[in-house]
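Below, each value reflects all heavy atoms present in this structure, side chains not excepted, and no hydrogens, waters or symmetry copies. Numbers here are sequence positions counted from 1.
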Amino acid sequence: MAQNGSNSTVELLGAWSSPFALRGRVALHLKSVEYEYIEEADVLNSKSDLLLKSNPIHKKVPVLIHGDVSICESLNIVQYVDESWPSKPSILPSDPKDRASARFWAHFVDGKCFESIDAVAGAKDEDGRMAAAGSLMECLAALEEAFEKSNKGGDFFGGQNIGYVDIACGAILGPLSVIEAFSGVKFLNPDMIPGLVQWAERFTAHEAVKLYMPTVAEFVEFAKQKFNV
């Protein structure tokens, strides 16, 4: 178990289907932090008392509970884990410019990328779907370019090791697989974004990820239940 000078217990409140909860699990695994994972039993229909108490503002997973402190929002949790357990490997870069760049792209994922994914999923007609799909492809092309510029010859955005941007981007892989299944459009197209496709394969196969990443079939089945498809 990695230590940070505190013997406080660590708990992560999440849901197996949440791409955001995945971020917390990957970060804790990378840092070799011993923790208790608490699954929200019925995330579609109810919220536990612990979740409502721990995250009274948004009432969403994930929540990291460290002693008597609750940390909410997935990117915030990843940064907290990195700073609270400073052992190697570092998740955020040490160079201030690289840290700023990593935060920019993480926010790009949670802003532009997820907005485009939601737009594709929620499109009311074919014209709207095609417009949203074009916007999503532009987002993925931007991530492809960012990957090529930042990987320093390594397998990940963070170089040889999974870093902050990798964990941020990993959250879109499940939702992408769902809209690919429903729309028939291959967004992770090796002919258009080969670097990002190869990155996705390496990321999902990594030991810190594969234990917690649901299969495409599991993501699709959950989406059917969520949207009554």
*Take C169 and W199 through the test side chain to side chain contact (heavy atoms under 4.5 Å, CB included) and record every step on the way to the result.*
CA-CA 10 Å; C169 287; W199 163 84; 3.5 Å; yes

*Can you list the steps and then say if F182 with K224 is a side chain to side chain contact (heavy atoms under 4.5 Å, CB included)?*
CA-CA 10 Å; F182 284 117; K224 288 179 179 179; 3.8 Å; yes

_Test side chain to side chain contact (heavy atoms under 4.5 Å, CB included) on Q79 and L92; report intermediate values, then the result._
CA-CA 7 Å; Q79 185 167 332; L92 275 155; 3.6 Å; yes

*Would you sort out whether R99 and Y164 count as a side chain to side chain contact (heavy atoms under 4.5 Å, CB included), showing the intermediate values?*
CA-CA 9 Å; R99 289 171 76 90; Y164 191 65; over 6 Å; no

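Atom CG of N161 is separated from atom OG of S90 by 9.5 Å, given to the nearest 0.5 angstrom. The distance from the NE2 atom of H29 to the OH atom of Y212 is 5.0 Å, given to the nearest 0.5 Å. To the nearest 0.5 Å, atom CD1 of residue I172 and atom SG of residue C139 are 8.5 Å apart. In this structure, OG in S150 is found 10.5 Å from CD in E145, a value given to the nearest 0.5 Å. Going from atom CZ of R23 over to atom CG of L12 covers 13.0 Å, rounded to the nearest 0.5 Å. L173 contributes atom CG, which lies 8.5 Å from atom CZ of F219 (distance to the nearest 0.5 angstrom).
Residues L13 and P62 have side chains not in contact (no heavy-atom distance under 4.5 Å, counting atoms from C-beta outward). Residues H206 and F156 form a side-chain contact, since some pair of their non-hydrogen atoms from C-beta on lies under 4.5 Å apart. Side-chain contact between V197 and N189: absent, with no pair of heavy atoms (C-beta onward) separated by less than 4.5 Å. A heavy-atom distance below 4.5 Å is found between the side chains of P175 and P19. Residues H58 and E73 are in side-chain contact: their nearest non-hydrogen atoms beyond the backbone lie under 4.5 Å apart. You'll find the side chain of I71 reaches within 4.5 Å of the side chain of N76, heavy atoms only. Side-chain contact check for V10 versus E36: every heavy-atom pair is 4.5 Å or farther apart. Residues S70 and N55 form no side-chain contact, since every pair of their non-hydrogen atoms from C-beta on lies 4.5 Å or further apart.
Not a single donor-acceptor pair under 3.5 Å links the side chain of S54 to the backbone N or O of L51. Judged by distance alone, with hydrogens and angles left aside, the side-chain atoms of K186 form no donor-acceptor pair with the main-chain N or O of E180 at under 3.5 Å. Formation of a donor-acceptor pair under 3.5 Å by the S18 side chain with backbone atoms of A15 is not found in this model. Distance alone, capped at 3.5 Å, is enough to place a donor-acceptor pair between the S116 side chain and the K112 backbone. In this structure, the side chain of R202 engages the main chain of D155 through a donor-acceptor pair within 3.5 Å. Between the side chain of D82 and the main chain of V78, no donor-acceptor pair closer than 3.5 Å is present. Using modelled atom types, one side-chain atom of E40 and one backbone atom of S48 make a donor-acceptor pair closer than 3.5 Å. Judged by distance alone, the side chain of K152 and the main-chain N or O of G159 form no donor-acceptor pair under 3.5 Å. At distances below 3.5 Å, not a single donor-acceptor pair connects side-chain atoms of K53 with backbone N or O atoms of L50. Within the 3.5 Å criterion, the main-chain N or O of K60 finds no donor-acceptor partner in the side chain of K47.
Closest approach of D98 to P93, counting heavy atoms only: CB-CB, 3.5 Å. Contact detail for V178 and V220: the closest heavy-atom pair is CG2-N, 4.1 Å.
Partners of Y35 according to the ring-ring contact (aromatic ring centres under 6.0 Å, His included) rule, which considers only residues two or more places apart in sequence or in another chain, do not exist here.
Applying side chain to side chain contact (heavy atoms under 4.5 Å, CB included) to V209 and the options L30, I162, D166 leaves one that passes, I162.
W105 and F157 have their aromatic ring centers separated by at least 6.0 angstrom. Taking the six-membered ring wherever Trp is involved, the centroid distance between the rings of F222 and W16 falls below 6.0 Å. In this structure, F20 has its ring center closer than 6.0 angstrom to the ring center of F114.
Side-chain heavy atoms closer than 4.5 Å link hydrophobic residues (I, L, V, M, F, W, Y) into clusters, and following such links, possibly through other members, connects L188 to F108. With hydrophobic clusters built from ILVMFWY side chains whose heavy atoms lie under 4.5 angstrom apart, I57 does not share a cluster with I77. If you chain together hydrophobic residues whose side chains sit under 4.5 Å apart, L196 and V165 fall into the same group. Taking hydrophobic clusters as Ile, Leu, Val, Met, Phe, Trp and Tyr residues chained together by side-chain heavy-atom distances below 4.5 Å, M213 shares a cluster with V109. A single hydrophobic cluster is not seen to contain both I65 and V43; linkage of ILVMFWY side chains at heavy-atom distances under 4.5 Å, directly or through other members, places them apart.
Other residues, nucleotides and ligands place more than 12 heavy atoms under 6.0 Å from the CG atom of D125. Enclosure of atom CD in E148 by more than 12 non-hydrogen atoms of other residues, nucleotides or ligands within 6.0 angstrom is indicated. Counting non-hydrogen atoms of other residues, nucleotides and ligands closer than 6.0 Å to CG of D95 gives a total above 12. More than 12 non-hydrogen atoms from other residues, nucleotides or ligands lie less than 6.0 angstrom from CG of L52.
Both tests pass for R25 against the ring of Y37: distance under 6.0 Å to the centre and angle within 45° of the axis.
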